[in-house]
Structures are given as C-alpha cells and as structure tokens.
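Worksheet: one structure, shown below.
Numbers for residues simply follow the sequence, beginning at 1. Every number for a ligand or one of its atoms is a count from 1 in the order of the listing.
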Amino acid sequence: MAKFYATTKNDVSNREIEHMIRVRKLAAECMVLLENDGVLPFKKKIGNIALYGNGARKTIKGGTGSGDVNSRSVVNIEQGLEAVGYTVTSKKWIERYEKIYHNAFTQYWTKLEKDAKEVGVPAFALRMSNPFSEPPLPMVKESDVESADTNTAIYVLARNSGEGADRSEKEGDYLLTEDEKSIIIYLSEKFEQFIVLLNVGGVIDTKVLKSIPGINALVLISQSGNIGGYAVADMLVGATIPSGKLTATWAENYNEYSSSEGFSSNDGNTDDEYYTEGIFTGYRYFDTFNITPSYCFGYGLALTTFQIQVEDVKADSNEVTVAVKVTNTGSENPGREVVQIYSSAPQEHLEKPYQELSAFGKTSMLKPGDSETLIISFKTTSMASYSEEKSAWIMEAGSYYIRVGNSSRSTKVVAKINLDKEVMTEKVMNLFKDENPVKDMSISGIQSYSYDGEVSEKEGAPVITLSSVDFSCNIIEYHPANDALIDMNANHKITMDEVISGKYTLDELTAQLTVEEMANLCCGTAKGLEIMSAVGSSSITVPGAAGDTTTIMKEDRNINEVILADGPAGLRLVPHFVASDDGVILSESSAFTTEGKDIRKVGEEIEGTHYYQYCTAIPIATLLASSWDMELIEECGYIVGKEMQEMHVTLWLAPGMNNHRNPLCGRNFEYYSEDPLLSGMCAAASTKGAQSIAGIGTTIKHFAANNQENNRFLSCSHVSERALREIYIKSFEIAIKTAQPMSIMSSYNLLNGIHTANSRDLLTTVARNEWGFAGIVMTDWFTTQNMDMLFGGVGKKNKYDISSPTMCIYAGNDLIMPGSDNDIDSIIAGVQSGELNLGDLQACAKHILNIIMRSHQYKGAKPYSEQFTELPYAVNVKKQ
Ligand code: BGC
C-alpha cells in the first residue's frame, strides 16, 4: 500500500499563514518603480478607487507550465486593495471583463479539448504550445468614470506566458492592444491620479506608456505569487517600500535587441539558433553599440533620494574592494538603495563590452537622513575575458575602470586599475566545437555609449597599479576516464545504512550493483506508466511531483527513493487528491489544470481519504532578482525548503537560471536576468536558503543555452565558446562554485550540434572537472523520447534527433527523467555491447547514491551544504 505524506486536514495551516506573511512583506520590496511623480505612496489610505485592466481581478501570480504552483488561494489586486481599506468602485467594468474572459476561455478550452482528443493527448499538454490569448477589453464609458466617484484610478496590465511557447512581438503580448492604449489614454485624462501597474513576467513595450502625460506612476509589480494582491496594495500605500531594480534592459523597440532578428520563430527557423551577437547581449550590447534603452539594466526609482559617496577603492591581485557611503537625502520616505559596481576592461586583442557588472550590494532600510557604508569586494580575476585562441581566461594589459552608481547608465568612474602585462588567470581546454561555428558580431568601428564628464572622470580617477607577477594561473587538471569499480566484498551484501555508518564506502556499494540495478537507478520510475500520466507528475508517493528514483533496492539494500518536484516559484504538487484505503489514487494525480477546472476542487465528490498539499507561490524568479537582495532570495529558498521537508520532496527542480537572451523567451519569468553575475548569485542564494535544511537540495536548470521555447526539444543553439563561457554558462559556474547545488538539470536543446543531455564536455569536463560540481546531473523530462505527439507537433519533420540514453550516461548525465523502459534497456544493452563503459555507468550510479545517502530519506541527515566548508564568494558585502 502506498504511503502518502500529504495531510488529511483541510484547514489553513500555521505554515501556510507564516509563509504568506513572509512573502507578503518581501514581494513588495522587489517591485520596480519605473515612474513616479510623487503620487506614490498614496496619501489617502482609504476611500474609493477605480480599478481597471485585465489584471485587476485576474491578477497573474506566476506563469504557466511546470513553473506553476498550486496554492490554496490567490489574492488578486481588487481583493488586496479592499483588504487595506479601499472601496473598489469600478466593479461593473471588472464584471463586464470577467464575463468576456470566461466566455473566451471556455471557447478556447473546448477547442483545445477537441484538438487534444483528435491526437489522443490531454488538453493541458496542448495548452503549452497553444497558449490562451487575452480577449478584447470592454471600453470604459463615461458612466463608469462617474459611478467610480473618485479622482484615483489604477490600470493593471497583465501578460502571461509559459513553458512550450515563446511570446510574440504582437499586440496583446509584447505590444499593447489598441483597446489597452485607448482605455489607458482615456483614464489618464479622466482621473487626477492615475497609475499603471505592470503585472507581467517579462519585458513589454513601454514607449506608448511613456508618451502618455497623464500617467502619474508606472510600476513593475510583476507576478508576486499567491499573495500578490496584498503585496501590491501594501506597496501602494507605503506600508512596504519598493526598492527593486530591473534585471534586464527594457528597449525602446523590440528590434533593438541584438538577438531579435533570428530569435526563435522570428526568422522562420527554429531548428538552428545562431547566437551571432556573441557576448554582446543585454546591456553589454546596448552600451557598447550606444543604443538608448527605454529603461536601462539596473534601473529603478525610490520613494526618496540617495547620495552615493565612494569613500575608498582598494585592489590587489586577489580582490577589488569599494567602500560606498549611502545617505537617504529625502525628507519623507525611507528606502533602500542598490549600489552597482561595473568594470570596463581594456580594448586590446579581445573585443570587450563597454562595461560589465562586477559586484553590487543593497543597503538596509534607511530613514531620511540616515547613512550606511557598504564595503563591497569582488575577485580581481572576475574581470578576465575568455580567449579561444589561448584556451584560457586572460586579463589583458591596460586600464580597468571601476564605475559605481545606482543603474548601468548612472555611474561614475571611481578608479583606474592599471595592469602592466597580460596575465593568464585560468588555463582550460577548448570545448564545444561546432561544425558550423557561429561568427560573433564585432565592435570594430563602433562608438560606444558615453556621457558628459566621462573623459575627465577617467583622467582624474585614482590610479591603482597591479603587477602581473603577483597573479597566479589556475591550471585545470582534467580527470581521466572512469575506471570500473571491482567488488571486493563478494560474500557480503552492502546496505546503505552500512555506508552511512562508515563501515563501507560508496565505491564498495556501487561495485556490487548489477548493470540492471544501476540502469534502474539511473532512470526515473515513469517506466511502464502511460506517457500522459508521466508528464511532469510521475511521482507515486507525492502526487503531482515531477518524478522519483527507483525503489528496487529498497528492500535488500535500504536504498530509498528520492522525490523531485518543480519549481521555481514554489512547489508544483497536486493540491488535493483522494485515495482508497489500499493507497490507490482515485482522483486527478496530475498537477496541471485539467478540463479548465479548478484543480483544487477536482475530486471533491469522490469517496475516500482526502489529502491536501497546498504550497506557497513565491514571486517569480525575475521579480525576486529585481530585489538585488541576496538575503531576501535566500529567505524564499528557505521557505520552499521548509515546504519540501513537509511534503517529503528531496530535490526542488529549481532555480531556473537561463540568461534572458531575448525578451520573447516564453520562460524568462522563471529565470533571473540578462546578466550572468546577477543570475548566478541569485541561484546561489536560493540554493543556500533551501539547502540550509537537512537533506534537501536544489536543481539549477536548464544547463545550458536554453533560451527559447518554440521547438524546445530539438532546437540547436550555436554559440561561440567565448560567449558560452562568459555569458551562458558563467551564471551556472558562479552558482556551483559558491553554493554547490545538489543537482543540475541539462536542457532540451542541442548545443553546437550535440544535445546538452549528451554532452560530456558540458556535464563532466566543465561542470565537474573545471568547476568542482559534486552533486548529480539529471536530464530534463523526456529528452530521450519523441514528444511531437504530446506537444502539438504531429507529423513534424525534425532536423535533429532526440537525445540518446547511452550517451546521457557517457556524458555524466546521471539520472534520465522521468525514465522509460527503453532508457533502461538501452543502457543495459550499451554495457553488454561495449558501447558504454561499466565505469561510466558506475560513476553515474555513485553520484545518485551519494545524494540519496545525504537526503532526508535517512535519519540524521545534515544540511547538504554543510560538507562544503570553504566555498568561495563571487561578491562579498559588509555593512557599517
Ligand atoms: C521542464 C522542466 C521541469 C520538468 C519537470 C519540463 O518540461 O522543462 O523545467 O522541471 O518538465 O516537470
């Protein structure tokens, strides 16, 4: 009989309340004030308020797909405003819109179900590649304005996106619709105080909004989880203080992004994606090519003003340290400032971006008149660039300028670090060869961005001289092949308890496993399951969890299974299920919405034992990153970690941390930023928070160059080795070196002609040999299976093939998820035929056993991170 860990009590638990309170407080801090003429915070804290927009009642808590979270309730903005004391007086309009929405959604779902039936798949699977488009809005009439009886209006502009489909540059997505524009203009003329809130997961066009003079404030509230409405209302009345900064560049025009022309379906080709922009992505491109964005990277207003004074800059071959005093120079509101440090490397043999983020720190909440000094350090060698020619990280000779400010476009040069000769900081080997190598864009003849006074700042900056002889080079030693382990204890069957107690080693246990046992261990347990029930919800003991590992050695060796659940905005589990006395699940066991019904209510009428697994939806990753507050992100990691512990989940399939290469990637909301340092640090913080709890771990994903959703299973990213190392895998390197996540998930896409799931260069040579990764690598779901039927590609001709199970094992992709009979059979046949080395299979098995052994499946488990006592830091901040 299956044992369930879910509770049978349907009351709101103390944990739910405690987590809601914590998230409510921190979510508002992440929000970004794009414009504010002083209208915020509202002076009048109660009274009538007119609320419009598609996000007013249908507020989006986070995107769709595997990143969704099933919470007990979702607080919308209308409810949030009412909870803090306002009376929403535009309900007639809200109700008109709700009716339109309901009809449109019903039509959409009916068609989806019909189409799904025709191809024999569940509707929720087709939903991924056929997202719902927002219906047209009802116009706001004169009578609406009159009956609103207030001088204050709010418009909530919402956009949703998710896994399986990229966004589009069309109206209703990246662009505003004509309806939206005319309603917003109308409201801006009719109301004295008018605020637009962006309930979006990614970048949208802000040109129109900026051209409307009557908008008094524009706030990126983003998608802040199930208490979203409360957090927004708190922020509007000043109960919490927004202090977020953008984590990506918001362009004036979509086509100004360096990747726009060829991105995803834009050029009609989703088989091959050529990253021709090389390292010039995000602000690195906008600054170097002197394009003025609508809102630059790192931008965000405060409710007050700050003075940023650099008190000292020190540098040696080890670190650069900047002491910055921040003073709240306003007179009314408190606030927090983000001090951002950028560096500009010399333009020598290698072309460099105008500037790159080197470090940052956020002040505490400062009251008017208060000051705080931040002492921010980063590694000097983090300013190195990657030379393909030398297969090494190098710092070229010349001047490195250190810039300090509160956004990428408001900095001052505060020091010039002169290096006498070129130094090699790390020697690696050339990897990721591509038969059709992409040629990176060049900056030859380009005049980069500059500002008045920059030249004299550079000339007058204090000079620090570094000598090349003081640097040492880290020469990576690559490990040889995995030799086969030989069983030396043939007359004794080793159990996991004996390894935990130290009587035997993991090597000794692994050496005893048969090929069949190892093949089972290295594949998730979805084998034999109907493929539909395996999509993202194949776990047996924790319904809705995305998968689990084998139980076949539980009885004889006490090797327990571990359970894996999505992420990243919390845990995605079935919120409510019903089981019979003998443990058979009688209700829906998929954690995706089915038949358009409320998934929390599915199965209410069924007789049996009712179980509940309500989880907290935390803010989406981009919003969390907008806080630029690593403690806050750590706290969110901890919150989810506590829920994992309660629900019996070992591995969180999060954080997602792909680079925001282009704003139209459907999953950008699950990822942090366009900058690898910020992304890497956020993933590390989230990992630290979760892994401070005994026996559970995170899974950083999707490794790597997974920056689009259209044709996601079989699209090939062609990226130069330099761009990969400096941008697309840099964030993973930072997260691994500084936080040692328990796990990595490889991505679906191919990279330079080979599936990342099959890439030994990526998964073993780089992650383990170069960076010292110590956990397990797993595939993304179904990368070894053809998914065309499920995700709407029936009859599609694919240029590239699916990934191979034996190559996964060869590459060091320890765990194939969710696992199939074919995966297991292929591995066994691979070893038998000699195509696969026994040593490689044993290495994968051992990595998994190591994680299982350290998991909370065993009494006395410690926090996984505790074993890594001396992890380096990327940025260190002290407050004085
Ligand atoms: C997604 C992953 C997710 C997995 C399990 C895949 O479709 O790409 O991010 O963790 O499903 O649900």
Side-chain angles (χ1 to χ4, degrees), residues 62-70 121-122 124-129 161-166 524-526 529 531-539 542-549 563-574 589-593 615 620-621 640 644 649-658 665-671 683 697-715 741-749 755-757 776-788 790-793 802-803 813 815-819:
T64 60
S66 62
D68 203 353
V69 175
N70 298 312
V121 301
F124 72 80
L126 272 199
R127 186 183 186 177
M128 291 194 181
S129 43
S161 78
E163 182 176 354
D166 286 315
T525 57
L529 267 191
I531 199 163
M532 303 323 154
S533 45
V535 175
S537 311
S538 76
S539 171
V542 182
D548 40 25
T549 58
I563 288 132
L564 300 76
D566 279 304
L571 288 180
R572 182 175 54 80
L573 302 177
V574 174
S589 66
S590 164
F592 292 109
T593 308
C615 300
I620 57 167
V640 179
M644 290 168 71
V649 171
T650 305
L651 275 167
W652 185 27
L653 303 176
M657 55 180 303
N658 293 93
C665 170
R667 290 183 91 171
N668 273 356
F669 72 98
E670 292 188 58
Y671 308 143
T698 60
T699 308
I700 53 174
K701 69 186 188 185
H702 309 88
F703 192 46
N706 183 186
N707 302 298
Q708 76 177 50
E709 287 302 295
N710 291 354
N711 193 25
R712 64 183 179 145
F713 289 100
L714 297 172
S715 128
M742 209 184 237
S743 169
I744 299 176
M745 185 189 291
S746 61
S747 51
Y748 284 133
N749 57 289
H755 269 282
T756 60
I776 61 163
V777 182
M778 71 178 78
T779 67
D780 198 347
W781 268 233
F782 302 107
T783 178
T784 54
Q785 297 178 47
N786 188 322
M787 300 302 283
D788 286 351
L790 259 188
F791 295 107
I802 53 176
S803 85
N813 209 333
L815 182 60
I816 300 177
M817 289 307 293

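- Of all the atoms in ligand 1, the ones that sit under 4.0 Å from a non-hydrogen atom of Leu653 are 10 (O).
- Ligand-side atoms of ligand 1 in range of Arg667: 1 (C), 2 (C), 8 (O), 9 (O), range being under 4.0 angstrom from any heavy atom.
- Once rounded to the nearest 0.5 Å, the distance linking CD1 of Ile776 with CG of Asn813 reads 9.5 Å.
- Once rounded to the nearest 0.5 Å, the distance linking NE2 of His702 with CD of Glu670 reads 6.0 Å.
- Inspection of the Ser746 and Thr756 side chains reveals no N or O donor paired with an N or O acceptor under 3.5 Å.
- Here's the thing with Glu163: one of its N/O atoms is less than 3.5 angstrom from an N/O atom of ligand 1.
- Closest non-hydrogen pair, Ile802 versus Thr784, comes out as CD1-O, 3.3 Å.
- Those atoms of ligand 1 with a heavy atom of Met745 less than 4.0 angstrom away are 10 (O).
- When atom types are taken as modelled, the side chain of Arg572 and the backbone of Ser66 share a donor-acceptor pair closer than 3.5 angstrom.
- Across all non-hydrogen atoms, the minimal contact from Ile563 to Ala545 is CG2-CB, 3.7 Å.
- In this structure, CE on Met745 lies 9.5 Å from CG on Leu815, to the nearest 0.5 angstrom.
- Of all atoms in ligand 1, listed by their number and element, those nearer than 4.0 Å to a heavy atom of Asp780 are 1 (C), 2 (C), 3 (C), 4 (C), 6 (C), 8 (O), 11 (O).
- Neither the backbone nor the side chain of Glu709 has any atom closer than 4.0 Å to an atom of ligand 1 (non-hydrogen atoms only).
- In this structure, OG in Ser129 is found 12.0 Å from CG in Asp166, a value given to the nearest 0.5 Å.
- Using a 4.0 Å cut-off to heavy atoms of Arg712, the atoms of ligand 1 that qualify are 7 (O), 8 (O).
- Defined by atom type and a distance below 3.5 Å, a donor-acceptor pair is missing between the side-chain atoms of Asn749 and Ser715.
- By the criterion of a heavy-atom distance under 4.0 Å, neither the backbone nor the side chain of Met817 is placed next to ligand 1.
- Using a 4.0 Å cutoff on heavy atoms, His702 counts as a contact of ligand 1.
- The proximity of Met787 to ligand 1, defined as any non-hydrogen pair under 4.0 Å, does not occur for either the backbone or the side chain.
- Residue contact annotation: Arg572 has a non-hydrogen atom under 4.0 Å from ligand 1.
- Only the side chain of Tyr748 comes within contact range of ligand 1, with a heavy atom under 4.0 Å; no backbone atom does.
- Distances below 4.0 Å separate heavy atoms of Lys701 from the following atoms of ligand 1: 2 (C), 3 (C), 9 (O), 10 (O).
- Of all atoms in ligand 1, listed by their number and element, those nearer than 4.0 Å to a heavy atom of Ala546 are 5 (C), 12 (O).
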